[in-house]
2 protein chains.
Amino acid sequence: MAQRVRDVQRWFTEFGRYAYTEVAPIPLDGLSGWHRDRDTGDIRHDSGKFFSVEGLAAQVPLGPVPEWTQPIINQPEIGVLGLLVKENDGVLRALVQAKVEPGNRNGLQLSPTVQATRSNYTRVHQGRAVPYLEYFRDHRAHHVITDVRQSEQGAWFYRKRNRSMVVETTREVELRKGFTWLTLGELYAMLAEEDRVNMDLRSVLSCLPLSASGVDTVLRSDGTGFRGSLVRSCRPSAGARHSLGELLNWLTDTRAGTDVLTDRIALDGLRGWRRTPETITHESGQFFSVIGVDVTAGGREVAHWNQPMIRPRGQGVIALLVARIDGVLHALMHARVEPGYLDVAELAPTVQCIPDSVDVLPAAARPPFLDTVLSADPSQLRYDTVLSEEGGRFYHALSRYVIVETAAEGIEHPEFRWIAVHQLMELLRHSHYLNVQARSMVACLHSLLAVPATAAPAVPSMPTGPSTAGVEGS
Amino acid sequence: MAQRVRDVQRWFTEFGRYAYTEVAPIPLDGLSGWHRDRDTGDIRHDSGKFFSVEGLAAQVPLGPVPEWTQPIINQPEIGVLGLLVKENDGVLRALVQAKVEPGNRNGLQLSPTVQATRSNYTRVHQGRAVPYLEYFRDHRAHHVITDVRQSEQGAWFYRKRNRSMVVETTREVELRKGFTWLTLGELYAMLAEEDRVNMDLRSVLSCLPLSASGVDTVLRSDGTGFRGSLVRSCRPSAGARHSLGELLNWLTDTRAGTDVLTDRIALDGLRGWRRTPETITHESGQFFSVIGVDVTAGGREVAHWNQPMIRPRGQGVIALLVARIDGVLHALMHARVEPGYLDVAELAPTVQCIPDSVDVLPAAARPPFLDTVLSADPSQLRYDTVLSEEGGRFYHALSRYVIVETAAEGIEHPEFRWIAVHQLMELLRHSHYLNVQARSMVACLHSLLAVPATAAPAVPSMPTGPSTAGVEGS
């Protein structure tokens with residue numbers, strides 16, 4: 001597989017000469033195709049489509065910050081994140097795209113087969129048709145493995161949702177430029193690389209059940225050590241610290257007991273934010289800014305456009321504490337409240353913050369377990385890679401995703417629960433239980449089922465189907 | 001059990017002398033404690049609490065009625081419907097309340113242990129404390145069997161939700177006036193009586209898993225015939241026409257593919273509705289009216305009050321087609337769009353309408369299968385009882401709930417799917433899959449697991465635990 005990973009890297013580099021973006025910051029007030037609403041100051045596209053930047057007033061009376069206002073992206077349309085998969089010789093492969101987005105620090109990233117807003121497929125922007133969209137629009141001829149709507153960043157989006165679909169086909173699929181078929185083992189190896197697998201692909205991958213045909217062999221052998229506890233944790237039959245009913249009770253309790261009041265307000269009505277013709281920034285210099293960018297793209301459906309983007313201040317830390325409980329790996333999940341969620345709270349990784357911004361908040365707002373994560377010994381780190389959030393709306397939104405193994409003893413907190421991986425997978429069948437960062441973490445956890453490509457000549461537990469000869473390039 | 005049912009009826013009659021309501025229609029503009037908003041005409045409580053009657057503009061561009069306006073109740077608080085249960089000698093009993101509500105045609109109905117709006121327990125109306133609420137507010141000392149938020153009538157409520165909780169205690173519980181303990185068998189027998197079990201109790205009963213201790217014996221024997229197919233359908237291991245994944249895909253497809261745009265508008269801004277100082281009615285005389293009532297109540301926490309209510313025009317028909325597929329009973333569920341749902345569509349019974357009002361709609365809006373139901377042979381009826389919707393907001397909202405057995409062959413419709421009962425139960429663990437009428441239907445289906453109290457001296461498959469002596473009063 002190591003060879004195959006190098007091949008993909010080479011393909012990436014070559015394709016990067018064809019597909020590129022040049023992104024230059026420009027003033028918000030000079031965005032071509034966008035205007036400032038006369039009454040509210042909201043930033044809207046002239047077509048009325050795509051998205052707008054508006055104001056939000058949030059109240060969480062019992063939270064450490066009881067009220068605040070902020071800019072927020074309003075994008076009411078539900079887009080499709082579609083991953084096309086196909087089984088050959090007992091091996092499942094996914095069709096992924098090398099895609100440029102203006103917010104990507106490194107240009108190209110691996111994305112799902114289809115990453116389409118509704119505007120995309122109703123073709124508001126007069127661009128070319130979205131390749132392979134037909135498999136997801138007219139999916140009755142294929143096998144739909146996963147189809148679920150999930151939230152995106154509730155701190156930056158107002159109730160945005162995407163539809164994550166995994167569709168299996170048995171037809172011959174024409175391979176277009178910029179696309180390639182990867183096994184799950186290869187995808188998992190890519191997940192270990194910095195900023196290579198984009199957020200949408202991580203999200204849709206997390207929703208792919210490991211029980212799918214051509215994938216399930218990964219769970220056949222467990223063994224000892226960390227990986228064994230992870231394999232067992234992925235099996236639906238494994239024991240868990242709490243029953244699913246107890247977890248649902250806990251989450252319902254949080255959702256019913258937490259008042260979150262949000263009001264969409266005028267972007268010009270924010271308190272504590274400074275708006276200039278160039279940008280919107282918080283007075284503390286922290287959290288995030290709204291900036292304008294001018295984008296020139298090759299190898300993409302539109303060659304030149306302007307748009308506003310969210311630019312976070314500093315690199316985030318997104319961390320998951322994991323522990324073996326009776327030989328089964330559990331993740332410490334946080335019932336996290338964000339103002340943009342449709343339903344108060346969702347399960348998030350243990351820690352999710354921008355450390356620099358934490359320092360300007362009241363002490364009570366310091367995330368529990370942040371110091372545990374920041375002071376973890378390198379020997380505790382099971383995953384540690386910088387990944388970025390969606391590059392279509394967020395500019396260089398980088399976070400260090402880290403999985404830290406610890407002992408469960410003594411870790412008790414009313415806002416947190418130890419949850420087995422198969423329980424997370426069961427919840428992922430339904431909408432709005434796991435936030436987008438938690439979905440990324442599930443994909444990262446799954447990637448640890450594989451042995452690193454550089455560590456072993458063969459991948460012992462990747463999907464191999466009836467004969468081991470099926471693993472392409474391994 | 002027949003004797004016990006007669007005892008409960010006698011208790012009801014006697015309690016009814018103590019607990020009563022006198023309800024008189026009065027003009028909307030004369031409601032004491034309520035006012036008409038100066039700008040919008042919305043009807044609001046002077047405290048700002050409880051609920052308001054506002055206007056809603058709905059657009060469903062691809063529906064048979066692409067747009068309309070209507071009055072709607074806005075009650076953003078999430079109340080608690082709590083059922084306290086306790087196992088004694090292997091038999092689970094539920095603590096139910098004989099409760100009067102102003103909209104009840106017959107005064108008293110059986111309701112859950114606790115039926116509290118958030119105003120109730122923050123005690124906005126200065127009434128007495130809600131009995132037994134402590135079991136649901138501070139439930140950590142007890143076993144929470146079910147805890148899920150569910151929608152209410154999406155045609156009349158704007159995104160109203162309730163929290164359905166079943167809590168099991170092992171403590172001694174003081175029995176207060178107006179409450180009694182009933183076995184599930186007794187509750188099921190009550191469900192066969194007209195207008196006896198109120199909507200909230202039906203809803204919370206539907207969410208009680210049949211796998212709960214003291215209940216599970218009901219599924220041990222199946223046998224032949226209708227009841228055998230129902231027992232098998234309740235078992236999670238039973239086969240089903242569609243996998244859960246296929247059903248979720250179908251529902252996601254409906255939810256993602258249906259545009260429902262709702263705008264809350266001024267109550268004075270409705271088109272097609274006539275507002276007088278007395279009432280608000282539709283120009284056709286159909287659908288429903290908003291009326292005012294003056295209520296005098298005994299045996300309830302407040303002795304006298306006024307309030308607006310929704311009064312539907314005519315009796316509704318809520319029908320479920322069921323069929324045996326490979327020996328397993330399946331219900332034909334409708335992915336129904338209502339403007340007040342949080343999420344576009346929920347699973348509804350096969351038919352849900354007010355037949356008189358259907359006649360003023362376009363022909364395309366005639367509910368599929370309504371004629372099948374209305375022309376069913378009496379030998380096909382498995383359940384046929386008039387029940388009412390919530391009596392706190394709806395005045396004499398009666399519907400004929402009917403379960404009709406048919407053959408599955410030839411019944412195919414894109415908006416409908418045949419679903420096994422255990423699949424409905426699995427979906428009921430999560431929020432917003434089954435609408436309130438469908439939840440009532442699940443309770444009615446469960447009641448058919450019992451043999452009617454008059455038909456047999458003993459109840460063969462009610463929960464009896466280790467010894468049959470445990471069935472109280474049978």
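Every value quoted in this text rests on a predicted model; they were computed, and no experiment measured them. Each chain gets a letter, A, B and so on, in the order the sequences are listed, and its residues count up from 1.
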Review point. When rounded to the nearest 0.5 angstrom, what is the spacing between OG in S431(B) and NE2 in H432(A)?
Key: 10.5 Å
**Study point:** Approximate separation, where rounding is to 0.5 Å, of L342(B) CG and L342(A) CG
**Key:**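 Going from the CG atom of L342(B) to the CG atom of L342(A) covers 5.0 Å.
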Revision key, fill the gap. Interface check, chain A: of M165(B), E246(B), R255(B), H143(B), most non-hydrogen pairs under 4.5 Å belong to R255(B)
[Y] side chain reached by [X] side chain, heavy atoms, under 4.5 Å:
{"X": "L244(A)", "Y": "R429(B)", "answer": "yes"}
{"X": "R149(B)", "Y": "D343(A)", "answer": "yes"}
{"X": "H430(A)", "Y": "L248(B)", "answer": "yes"}

Exercise for review: Check whether any side-chain N or O of T252(A) sits under 3.5 Å from a backbone N or O of D147(B) as a donor-acceptor pair, and report yes or no.
Suggested key: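 Checked: pair present.
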Check your understanding: So, are R137(B) and D253(A) salt-bridged, with charged N and O less than 4.0 Å apart?
Key ->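 Salt bridge: no.
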Review point. Quick one: what part of I145(A) sits under 4.5 Å from any heavy atom of chain B, side chain, backbone, both or neither?
Key: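 No part of I145(A) comes within 4.5 Å of chain B.
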Exercise for review: Can you tell which part of L251(B) gets under 4.5 Å to a heavy atom of chain A, answering side chain, backbone, both or neither?
Suggested key: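 Looking at L251(B), nothing touches chain A.
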Practice item. Count the heavy-atom pairs under 4.5 Å between each of T146(A), L427(A), D259(A) and chain B, then report the option with the highest count. Key: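 Counting heavy-atom pairs under 4.5 Å, the top option is D259(A).
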